Amino acid sequence: MVKPMKNNSIIIAPSILSADFARLGSEIKLVEEGGADWIHLDVMDGRFVPNLTFGPIIVDAVNRLTELPLDVHLMVEEPERYFEEFYKSGSDWITIHFEASQNIRRTLEQIHQFGIKSGISIKPGTSVNEIKPFLDAVDLVLIMSVEPGFGGQKFIASSIDKIHQLMKIRAENHYDYLISIDGGIKESNASEITAAGVDILVAGSFIYHSADPPEALRSLRKAVMSL
Ligand code: DX5
Ligand code: ZN
């Protein structure tokens with residue numbers, strides 16, 4: 001079933017990349033209080049991206065802190081090496097990078113074998129055309145609207161065109177992937193981005209670096225509901 005979701009059912013997935021890991025439990029509670037739908041977890045290996053974050057141990061900790069679905073974004077090379085561990089840690093969605101995998105179709109199948117939903121992500125320099133051959137086989141497409149690796153960067157405006165292209169391909173082929181966007185999302189651009197057709201907004205620093213994270217999350221929701 002094609003899911004052009006209603007604006008009031010946009011999924012908001014706070015990225016804990018910008019959270020304070022010394023108080024992970026209360027940081028998760030804050031976004032639950034603000035109405036988060038999913039929790040987005042950014043796994044970086046220092047090879048695919050020039051930064052290191054965390055692995056399955058933290059995903060497992062978050063899984064024990066919340067009932068919300070865990071949206072795991074793997075910015076790692078050879079992601080298939082880690083699927084079993086991320087499965088055991090409670091991942092509900094695993095998104096791999098198109099640029100990081102040699103055999104995309106097989107990698108997506110391996111995710112599905114664990115009963116986990118699969119996503120494919122593209123960096124700003126990768127076109128939608130390049131992932132077109134795999135769009136029948138994914139549950140989610142994650143458009144990186146900043147260079148992956150760090151929070152707090154500026155939204156790259158050309159990402160909006162990718163949303164339009166993915167909407168068109170989905171409608172024409174009766175595909176059912178969700179469209180997610182990650183990087184530089186804030187209250188001032190959320191409504192324009194959502195109007196272009198995304199289903200999921202990932203936001204890190206806008207929420208966690210604000211003085212009042214639940215209120216920041218609610219302001220995002222309000223921005224997309226008033227469309
Ligand atoms: C960046 C990560 C993002 C990041 C977004 O590589 O994939 O999820 O946390 O952070 P903001 O919202 O600060 O751009
Ligand atoms: Zn991410």
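These figures come from a predicted structure and were not determined experimentally. Computation of the quantities below employed the complete heavy-atom set of this structure, encompassing side-chain atoms and omitting hydrogens, waters and symmetry-equivalent molecules. Just so you know, ligand 1 is whichever comes first in the structure, and atom 1 is the first atom listed for that ligand.
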Atom of His73 closest to the Zn ion (ligand 2), considering N, O or S atoms: ND1
Asp182 heavy atom under 4.0 Å from ligand 1: yes
Stepwise side-chain contact (heavy atoms from CB on, under 4.5 Å) test for Val72 and Tyr82: CA-CA 12 Å; Val72 177; Tyr82 311 105; over 6 Å; no
Go through ligand 1 atom by atom and flag the ones less than 4.0 Å from a non-hydrogen atom of His73. 7 (O)
By number and element, which atoms of ligand 1 are closer than 4.0 Å to a non-hydrogen atom of Met44? 6 (O)
Within this structure, what is the CG-CD distance for the pair Leu74 and Glu80, rounded to the nearest 0.5 Å? 10.5 Å
Check each heavy atom of Phe206 against ligand 1 and say whether those closer than 4.0 Å belong to the side chain, the backbone, both or neither. neither
Specify the protein heavy atom at minimum distance from atom 14 (O) of ligand 1: its residue, its atom name, and the distance to 0.1 Å. Gly184 N, 2.8 Å
Going by distance only, is there an N or O of Gln153 that falls short of 3.5 Å from an N or O of ligand 1? no
Could you establish whether Met75 and ligand 1 come within less than 4.0 Å of each other, counting only heavy atoms on the residue side? yes
Mark yes or no for whether Asn173, through its side chain, and Tyr175, through its backbone, hold a donor-acceptor pair below 3.5 Å. no
Specify the protein heavy atom at minimum distance from atom 12 (O) of ligand 1: its residue, its atom name, and the distance to 0.1 Å. Gly204 N, 2.8 Å
Keeping the roles fixed (side chain from Thr53, backbone from Asp42), state whether a donor-acceptor pair exists under 3.5 Å. yes
For ligand 1, which atoms sit closer than 4.0 Å to a heavy atom of Gly152? 11 (P), 13 (O), 14 (O)
So is Phe150 close enough to ligand 1, meaning a heavy atom under 4.0 angstrom away? yes
Does the side chain of Asp71 pick up a donor-acceptor pair with the side chain of His73 at under 3.5 Å? no
Can you list the atoms of ligand 1 that are under 4.0 Å from a heavy atom of Asp42? 2 (C), 3 (C), 4 (C), 7 (O), 8 (O), 9 (O)
Could you tell me whether Ser205 approaches ligand 1 through its side chain, its backbone, both or neither, with non-hydrogen atoms closer than 4.0 Å? both
Tell me the angle that OD2 of Asp182 and OD1 of Asp42 form around the Zn ion (ligand 2), rounded to 10°. 170°
Which residue, Asp199, Asp176, Asp139, forms the salt bridge (Lys or Arg N to Asp or Glu O under 4.0 Å) with Arg170? Asp199
Given side-chain contact (heavy atoms from CB on, under 4.5 Å), test His97 with Thr126 step by step and report yes or no. CA-CA 10 Å; His97 263 269; Thr126 304; over 6 Å; no
Ala203: numbered ligand 1 atoms lying under 4.0 Å from its heavy atoms: 12 (O)
Could you list the atoms of ligand 1 found under 4.0 angstrom from a heavy atom of Pro148? 6 (O)
Can a donor-acceptor pair be found, under 3.5 Å and without considering hydrogens, that links the side chain of Ser89 to the backbone of Pro56? yes
Within a distance under 4.0 Å of any heavy atom of His40, pick out the atoms of ligand 1 and give their elements. 8 (O)
Polar proximity ligand 1 side, Val202 side, N/O cut 3.5 Å exclusive: no
Are any of the N/O atoms on Met144, whether in the backbone or the side chain, positioned under 3.5 angstrom from an N/O atom of ligand 1? no
Heavy-atom check, side chain of Tyr208 versus side chain of Ser15, under 4.5 Å: no
Would you say that Leu30 contacts Ile207 through its side chain, given a criterion of any heavy-atom pair below 4.5 Å between the two side chains? no
Hey, does Phe83 have a side-chain heavy atom less than 4.5 Å from the side chain of Ile116? no
Does any N or O atom in Gly151 lie less than 3.5 angstrom from one in ligand 1, N or O only? no
Would you indicate whether the side-chain heavy atoms of Ile193 and Ile160 approach each other to under 4.5 Å? yes
Protein contact of atom 6 (O) of ligand 1 - nearest heavy atom, named by residue and atom, plus distance: Gly149 N, 2.8 Å
Rounded to the nearest 0.5 Å, what's the gap from CG on Leu135 to CD1 on Ile169? Could you check? 5.5 Å
Within a distance under 4.0 Å of any heavy atom of Ser15, pick out the atoms of ligand 1 and give their elements. 8 (O), 9 (O)
